[in-house]
Amino acid sequence: MGKQFYLTTPLYYVNGVPHVGHVYTTVIADAIARFKRLQGQSVCALTGTDEHGLKIERAAREAGLSPQELTDRYAAEFQRTWERLGLKFDAFIRTTEERHAKAVAEFARRIKEKGYIYLGEYSGNYCVSCEAYAPEGEDRCPDCGRPTEFMKEESYFFKLSAFQERLLRFYETHPDFVLPSTRMNEIVSFVRSGLRDVSISRTSFRWGIPLPDDPRHIFYVWFDALTGYLSGVGFGTDEAAFAARWPADVQLIGKDILRFHAVYWPAFLMAAGLEPPRHILVNGWWTVEGEKMSKSRGNFITAEELLAKLPADCIKYFLLREIPIGGDGDFSWEALVNRCNSELANDLGNLANRTLKMIDNYFGGVVPEKSEDEGGDRELIRFSQETVALYREQFERLQVSKALETVWELVAAANRYLVANEPWALARDAAKRGRLGTVLYNTAETIRLIAAMVSPVLPEGAQAIFRQLGLDREVGALSTEDLKWGKLPAGSRLGEIEAVYPRLDLAALRRGGKEEPASPPVEETREGAREEPARISIEDFGKVEMRVGRVVAAERIPKSQKLLKLQVDLGSETRQVVAGIAEAYAPEELPGKLVVVVTNLKPARLMGVESNGMIVAANVAGKPVLATFTEDVPLGTRLT
Ligand code: MSP
């Protein structure tokens, strides 16, 4: 077997349920693994649980469970969560497994054989939460700030001090060992300032793996847990499998556990005669609505809550698009709703929906043949190909947020292409049927490419788009061939067309995501009843609230010549508005258009359909012309 691309998440502590921080790292790992598979690489992605140590032993006692019961419960919870999120791992390691204990013993044996382990005595202030001693004289943990406890014990030590020079040489020859580079610099200066030997065993508790030669001692939990990256892929039990994976290509971690991974870990590996991993990729931390996440503040976002309120794709898209890997981020429901509604539901979802609906209406649901490309077509095709190249380069450099941004530029270009080519107008002229087919084919093919590119991050949406395009393909099994232009077969029949992404409702999410918003009182009014305006004061004008919105969906109202029913995104909410514009605008051409909405009109009912606002238009010889903007304006902005 050739070398696989091997990537790992941290092994999560099982003293609580998975939360947004755990979800984040795991989602990044899944997206990278899927991207690598799309690139044709054979991938092994590992995650797992870190189940030993004093912290777990105490958590079990507090819960009235045995450590094994506690860890069984939470390990299952982590596994279930990743499944529900659609995250695909090839390997899962629990540090309480037998194969892991074997690997730890073997790893320690190799290190000891080289003379890097000795018996000594350790005393100092210990942080139970981080499972680490604080520097001398510190009564608070430098990592989490919690009070430490004094402990004194006989301990086996690892001769970390012997690795200072080797580590520095390694960093120098592998300057991108730790990514991003600011984190690398941090580590280099830490190692330059001098390394002390580290204790790797404990006698103060029992919940762990005993040292084979001296079972009074239990392996220090970090020595134990780091070895999980080896035991999970065959070290000590299946050497051939191990050889096909090690060294790891990318090990994902949060910034709080950098030192363990960038100093101790490569030193342990060097001591055992194994290669260090190729990259340690360090992600930042999420705060929640501007504050550190904590149960006592009541802003603790569990994976369970996210899954109860949102489709998995929305969770992934927000986390990966919102910040570059390495930066810190703030999780807020408002930011999530705005991003998902505007970029997933509007930009991407509507592009797919209106294009496919037009193929359905004008070509009976069969992908049309294309004829000669014109200038604008060639431009779209070239831009699609450039986008694929840039996307691959950025994803390869692990710039996932940028890669998504790049894809969304193509989404915007495809939307512009539709507006410029007006297929709804071409459809009115039988002589232009060939041209109509070309425009719709090109748009549909661009949508297919977009779906293939987003598939590592948004597998559900990408699969839905493929299905609707009539493509019987598993998006998890796509290859670089699928990133080439022109792979959509003309003549194939579309699948059932439906919205790819739901629109999220901020108020409902804040409340708990379950109930429907209470409907406002509805009043009957006459269609088109408007009075001639007299001169008014500025205060009067101030009473009229007009805001910028974007049409996200439009449809005819049965039996009405004039009325269209529109869904308009106002940033934090979506309103249904009935507008008398059907004689001037086809429903297909409206999605994506910026409009002005009078938002504080009393709701009215027109032809039995509720209208909650009014769209502003100029009346040009009896024909409405919508007021819009030539620049991009944030949705919800008030007109003054
Ligand atoms: N068990 C150790 C890792 C051992 S790896 C051999 C551990 N576990 S943890 O469950 O506490 O943390 C796992 C990961 O979650 C860490 O990478 C940590 O940075 C990450 N996060 C925890 N809270 C976080 C946020 N609020 N935001 C982002 N990531 C966060 O450490």
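When a ligand or atom number is given, it counts from 1 through the structure's own listing order.
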Does the gap between the ring centers of [X] and [Y] come in under 6.0 Å?
| X | Y | answer |
| --- | --- | --- |
| F78 | H22 | yes |
| W265 | Y229 | yes |
| Y317 | W408 | yes |
| F223 | F158 | no |
| H19 | F331 | no |

**Asked** N/O of T25 under 3.5 Å from N/O of ligand 1, yes or no?
**Response** no

At a 4.0 Å threshold, what atoms of ligand 1 neighbour a non-hydrogen atom of [X]?
| X | value |
| --- | --- |
| D50 | 1 (N), 2 (C), 4 (C) |
| A225 | 6 (C) |
| H22 | 10 (O), 13 (C), 15 (O) |
| G21 | 24 (C), 25 (C), 27 (N), 28 (C), 29 (N), 30 (C) |
| G284 | 28 (C) |

**Request:** Start with the C-alpha distance between Y24 and W286, add both sets of side-chain angles, then the distance that settles ring-ring contact (aromatic ring centres under 6.0 Å, His included), and finish with yes or no.
**Result:** CA-CA 9 Å; Y24 181 50; W286 287 89; 5.4 Å; yes

**Request:** Give a yes/no verdict on whether any heavy atom in K292 is under 4.0 Å from an atom of ligand 1.
**Result:** no

**Prompt:** For ligand 1, is Y229 a contact, meaning one of its heavy atoms is under 4.0 Å away?
**Reply:** yes

Residue, atom name and distance, where the atom is the protein heavy atom closest to [atom]:
| atom | answer |
| --- | --- |
| atom 17 (O) of ligand 1 | G254 N, 2.8 Å |
| atom 3 (C) of ligand 1 | L11 O, 3.3 Å |
| atom 9 (S) of ligand 1 | Y13 CD1, 3.7 Å |
| atom 14 (C) of ligand 1 | Y12 CE2, 3.8 Å |
| atom 27 (N) of ligand 1 | W286 N, 2.9 Å |
| atom 18 (C) of ligand 1 | D256 OD1, 3.3 Å |
| atom 16 (C) of ligand 1 | I257 CD1, 3.8 Å |
| atom 23 (N) of ligand 1 | H19 CE1, 3.2 Å |

**Message:** Please check this pair: side chain of D197 against backbone of S161, looking for a donor-acceptor N/O pair closer than 3.5 Å.
**Reply:** yes

**Asked** Rounded to the nearest 0.5 Å, how far does CH2 of W207 lie from CG of L54?
**Response** 13.0 Å

**Asked** Side chain, backbone, both or neither: which part of I253 comes within less than 4.0 Å of ligand 1 when only heavy atoms are counted?
**Response** backbone

**Request:** May I ask you to test the L504-K309 pair for a side-chain heavy-atom distance under 4.5 Å?
**Result:** no

**Asked** Side chains of V20 and E305: closer than 4.5 Å at any heavy-atom pair?
**Response** no

**Asked** So does E304 pair up with R80, basic N to acidic O under 4.0 Å?
**Response** no

